[in-house]
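Beneath this line is the structure, given in structure tokens, with notes to follow.
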There are 2 protein chains.
Amino acid sequence: MQKLTLKKIAQELEVSISTVSKALRDSPEISDDTRQKIKAFAKLYNYKPNNIALSLKNRKTKTIGVIIPEIVHYFFTTVISGIEKVANERGYNVIIGVSNESFTKEVINMEMLANGSIDGFILSVTKETQLKKDYHHLKETINQGMPIVMFDREVKDLECDKVVVDDVQGARKAVLHLIELGCKNIGIITTRDHVSVGNLRTVGYMNALALKGISLNENYILKLDDELDNDENIEQLQQEVSNYLQENPELDGLLSVNEKFALMAMKLAPVFGKAVPEQLKVIGFTDGVLSKYANPGLTTVSQHGRDLGEQAARILIDRLEEDEFEVPYERLVVETELIERGSTA
Amino acid sequence: MQKLTLKKIAQELEVSISTVSKALRDSPEISDDTRQKIKAFAKLYNYKPNNIALSLKNRKTKTIGVIIPEIVHYFFTTVISGIEKVANERGYNVIIGVSNESFTKEVINMEMLANGSIDGFILSVTKETQLKKDYHHLKETINQGMPIVMFDREVKDLECDKVVVDDVQGARKAVLHLIELGCKNIGIITTRDHVSVGNLRTVGYMNALALKGISLNENYILKLDDELDNDENIEQLQQEVSNYLQENPELDGLLSVNEKFALMAMKLAPVFGKAVPEQLKVIGFTDGVLSKYANPGLTTVSQHGRDLGEQAARILIDRLEEDEFEVPYERLVVETELIERGSTA
DNA sequence: TTGTAGGCGTTATCAA
DNA sequence: TTGATAACGCCTACAA
């Protein structure tokens, strides 16, 4: 019951290996007679060529490596689902590596895959990588001729294809919407790190205020420690959000750079006499399950993760299958969309 | 800048390929002199053996294939994260295939991977597969000598390793807890399909009632269509939940076989004059983000997905690396745990 | 101590 | 029309 190979078929049918190979690939060199015989046999015993041997021969594996910082994470899974879709349509497999927001794991994961296992990468770097600004592993990979498509977390000084979210604009749209709805004192809950998307969203927030001639109140900006953004530290974060709401009773609009912080605020607001959306309108980022099933539903900025994933896969595979060299690198911006729900009704 | 191979090193250093190979693997056959020289060169130019060539030679790829019905799904991602962890620790890569609850995609995905790309599978079958009871692709894979570890959705009549959740017991524990809290009229929101875990959880619900001598009221069982469990059909489902709550005003306890239905019920209960948890106590399944960030927090039955994934990977890799043949198949039951939160306070 | 040869499974080129 | 051979990159038993 072992896997069938060309060799075994050849032995069984008493022909040469190359005859079998040619017959199966419908080469005109082979006579109808033997072709039929061989194909029948192969079909009967369900012959399938060995992928590894093909990979070695063709020097391409038809699989793409995806490295993400986290897997239990709505946005990243939507991106993967987009990648999977396009990859499968075009005959590619997807290997997933999880870096767990660790620079070292990112490097190890890439090294594991870069030695022949895959044809190209789609990846989002860890926050640690962004902080260290150490991109040698990425540069080396690119130099060895393995294409990389980066997504979401942008690394400016790296020459490769990129698919990014317009975080600044997304946040700006959200805040402008709050202003339109009549909010006068709009706050933001963001992350402390100074490198990642949280930062861009904060910029968008400031943009919108500036656009409308509203002066920035530093007290309205709550920076939560990113390290704490995991399920063990919910209580500590809630405490910080509580303090924030208490100290800024005049807040009537709030942008959060993710869903979790938004839900915390929605949960705590009534404690401080604020009903959502009547006295406090809230908008979050991500548009995941939390937003859809929250009570009231959370208005969010959708990043269209699935589209993003599809685009990233398309760009990578196009490049892999492009025989003209020197196709210029692409930087694709995925538009955000404001999904309105009860939290801003 | 192309990838370095043994051949190129050999040419460069004017020795034979096998000398290079041996030197790099610290064979005592090679003199210190040449060994050092070769190793220095390899290090300098960052030589790494080609995985594909190794796979072909060793007839093992050191990668495991994971097929899941959905990727944008909390439970499955926790399982993957467990698999990833153990796999990486033991030097394995993980290829992910998403079947999207489609039998055909499951088969295609498996075929893509079964031809040499991986050493073994960890998979959870689609609902469609369970319904059709068509397991030929699984049986063939096993017959070809490729081990499979199935998880979560159990297929009784298939001989292979399994890691399952004790859904019956989980549901029973939950309902018993509600009874202890004083609930007299306990309902359940479950799925219509008759094959999947929803069914087992319903059995657990009935178990608990029987155990306590409470007679079963069919009206208390709401079966929602599984097909509708996606974000497009939220409204329709909500309508059904509304009707259910309205028609059973005496309900004071509720078990839901997932988080989403539980949150819908929690959102709608106040509409029918029921405060949660005062007049209606709710318990869900999954213990994902929804439970943690709901308001009030949702008490849930945790399935310990990460543990499950770790165990599945351990079992598979142990089997792959076992040289004694005929290790008996294992069926491991992961215990559930009731996580208490505000919805049953 | 070093090199040669064969094989993992496949395909392509060339010879018979 | 069919078959032998070489190659993809690596490893290893055996020969020199």
Side-chain angles (χ1 to χ4, degrees), chain A residues 2-39 41-42 45-63 91 113-119 144-146, chain B residues 2-39 41-42 45-63 112-119 144-146:
Chain A
Q2 273 303 319
K3 278 247 90 177
L4 201 54
T5 66
L6 290 184
K7 195 182 189 178
K8 288 182 195 151
I9 299 181
Q11 284 169 346
E12 216 57 48
L13 266 44
E14 299 187 306
V15 291
S16 78
I17 295 180
S18 61
T19 302
V20 178
S21 173
K22 285 173 189 161
L24 292 176
R25 333 195 83 243
D26 284 317
S27 160
E29 292 179 31
I30 304 298
S31 73
D32 259 22
D33 234 32
T34 47
R35 197 217 324 281
Q36 309 243 315
K37 193 176 60 179
I38 291 173
K39 288 189 111 173
F41 186 92
Y45 292 104
N46 193 30
Y47 168 80
K48 294 275 166 50
N50 179 306
N51 284 333
I52 296 293
L54 286 177
S55 295
L56 186 61
K57 177 123 245 301
N58 303 328
R59 289 131 136 268
K60 54 176 72 169
T61 61
K62 293 280 237 170
T63 107
L113 298 180
N115 303 306
S117 301
I118 61 163
D119 296 338
Q144 291 192 348
M146 173 157 310
Chain B
Q2 272 303 319
K3 278 247 91 176
L4 202 54
T5 66
L6 289 185
K7 195 181 188 178
K8 287 182 194 151
I9 299 182
Q11 285 168 345
E12 216 55 50
L13 266 42
E14 299 187 306
V15 290
S16 78
I17 294 179
S18 65
T19 303
V20 178
S21 174
K22 287 173 189 164
L24 291 177
R25 331 194 85 244
D26 284 317
S27 160
E29 292 180 31
I30 304 298
S31 73
D32 260 23
D33 234 34
T34 47
R35 197 218 321 283
Q36 310 245 313
K37 192 175 63 181
I38 291 172
K39 288 189 108 173
F41 186 93
Y45 291 105
N46 193 31
Y47 169 78
K48 294 275 168 48
N50 179 308
N51 284 334
I52 294 293
L54 286 177
S55 294
L56 187 59
K57 173 124 247 299
N58 303 328
R59 292 134 134 269
K60 55 177 68 171
T61 60
K62 295 278 241 171
T63 108
M112 264 187 95
L113 298 179
N115 303 306
S117 301
I118 61 163
D119 296 336
Q144 291 193 346
M146 173 155 312

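Naming convention: chains lettered A, B, ... in sequence-line order (proteins, then strands); numbering from 1 in each chain.
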Over all strands shown, is Thr34(A) touching base, sugar-phosphate only, or nothing at heavy-atom distances under 4.0 angstrom?
sugar-phosphate
Under 4.0 angstrom, heavy atoms only, what part of the nucleic acid is Leu54(A) near: base, sugar-phosphate, or nothing?
sugar-phosphate
Spacing of Lys7(B) atom NZ relative to dG3(C) atom C1', expressed in whole Å:
16 Å
Scanning both residues in full, the closest heavy-atom pair of Asp32(B) with Gln36(B) reads O-CG, 2.7 Å
Pairwise N/O distances under 3.5 Å, protein to nucleotides 12-16 of chain C:
none

Ignoring hydrogens and geometry, is there a side-chain-to-backbone donor-acceptor pair from Asn51(A) to Gly116(B) under 3.5 Å?
no
Taking atom P of dT4(C) as reference, at what distance in whole Å does atom CD1 of Ile17(B) sit?
10 Å
Are the side chain of Asn50(B) and the backbone N or O of Ile52(B) linked by a donor-acceptor pair below 3.5 Å?
yes
Establish, from distance only, whether the side-chain atoms of Ser18(A) and Ser21(A) form a donor-acceptor pair under 3.5 Å.
no
Would you check, one step at a time, whether the test side chain to side chain contact (heavy atoms under 4.5 Å, CB included) holds for Leu13(B) with Ile38(B)?
CA-CA 8 Å; Leu13(B) 266 42; Ile38(B) 291 172; 3.8 Å; yes
Give me the first and last nucleotide of DNA chain D, going 5' to 3', that has any atom under 4.0 Å from a heavy atom of chain B.
dC8(D) to dC14(D)
Hey, does the side chain of Arg35(B) reach the backbone of Ser27(B) with a donor-acceptor pair shorter than 3.5 angstrom?
yes
Consider only side-chain N and O atoms of Lys3(A) and Asn115(B), and report whether a donor and an acceptor are under 3.5 Å apart.
yes
Drop me the distance from Ser31(B)'s OG to Lys37(B)'s NZ, to the nearest 0.5 angstrom.
8.0 Å
Check the distance between dG9(C)'s C1' and Gln11(A)'s CD and give it to me in whole angstrom.
13 Å
Heavy atoms under 4.0 Å, any strand shown: does Leu6(A) hit a base, just sugar-phosphate, or nothing?
base
Separation of Ile52(A) atom CD1 from dC8(C) atom C1', in whole Å?
11 Å
